[in-house]
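Please read the structure below before turning to the comments.
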Amino acid sequence: GDKVKQSPSALSLQEGTNSALRCNFSIAATTVQWFLQNPRGSLINLFYLVPGTKENGRLKSAFDSKESYSTLHIRDAQLEDSGTYFCAADSNTNKVVFGTGTRLQVLP
Amino acid sequence: SVLLYQKPNRDICQSGTSLKIQCVADSQVVSMFWYQQFQEQSLMLMATANEGSEATYESGFTKDKFPISRPNLTFSTLTVNNARPGDSSIYFCSSNGQGSAEVFFGKGTRLTVV
């Protein structure tokens, strides 16, 4: 089964609203990354986390290694936030395992 | 961080032919990786490109089908041999640079096999 499972798989948001994406791990993740894949296919690094939280503008992410999950909160969603969000976990193997992805559409 | 440059950005090739994808890092990096992404799916790790030695392949990927070279610490190539329509996907190179586990990606090569 999927070692890194994301929820929801797809999401539509009205511009200006907030949402949270979640990533659950069945591997012993030591670090987590969040990426946004834009409609052109490029992967944009959003966060790199050891256990704890980070914030950057309208985005905030948390990683709890004991409970094996990570979250990405989007505040005041904008049209340019649309795309597919991936979390990816490393369990000290130097190999990053990608999650199943959340496809986000922000509506005007 | 590390910047990774891939070329070509996209290509269309005939079934049965081979295509080579290049990846250049803007600094020397220990680890380089290749990923495959089918449309509307997640990224799958194909192999780790090892400098001066054979690549290490993940389950489902072989060196005969996807030979990888890594002649130095800034460069790697991925070849798709005997391309089939089922190989149509985006191929990404990635690296975690020096002294960090954070992984960065090239912009990807979108391959269509007809």
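Please read these numbers as outputs of a predicted model, since none were measured by experiment. Chain A is the first sequence line, chain B the second, and so forth, proteins listed ahead of strands; every chain is numbered from 1.
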Toward chain A, the part of [X] with a non-hydrogen atom under 4.5 Å:
X	answer
B/Thr48	side chain
B/Gln37	side chain
B/Leu43	both

Notebook entry, point to check: Distance only, no hydrogens: is a donor on one side chain within 3.5 Å (strictly under) of an acceptor on the other, for A/Ser70 and A/Asp64?
Noted result: no

Notebook entry, point to check: Is there a donor-acceptor contact under 3.5 Å linking the side chains of B/Thr77 and B/Gln22?
Noted result: no

Check: Does the distance from a Lys or Arg side-chain N to an Asp or Glu carboxylate O, for B/Asp11 and B/Arg110, drop under 4.0 Å?
Finding: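 Result for this pair is no, no salt bridge flagged.
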
Check: What part of A/Gln37 is in contact with chain B, defined as an atom under 4.5 angstrom from a non-hydrogen atom: side chain, backbone, both or neither?
Finding: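 The side chain, not the backbone.
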
Note to self: Report which part of A/Arg103 has an atom under 4.5 Å of a heavy atom belonging to chain B: side chain, backbone, both, or neither.
What the structure shows: side chain

Note to self: Taking the cut-offs as 6.0 angstrom to the six-membered ring centre and 45 degrees off its axis, would you call B/Arg70 and B/Phe75 a cation-pi pair?
What the structure shows: no

Note to self: For chain B, which candidate among A/Val96, A/Asp90, A/Thr30, A/Ile44 shows the most heavy-atom pairs at distances under 4.5 Å?
What the structure shows: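 Counting heavy-atom pairs under 4.5 Å, the top option is A/Val96.
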
Item checked: Validation row: B/Leu111, B/Val80 side chains within 4.5 angstrom (heavy atoms) -> yes

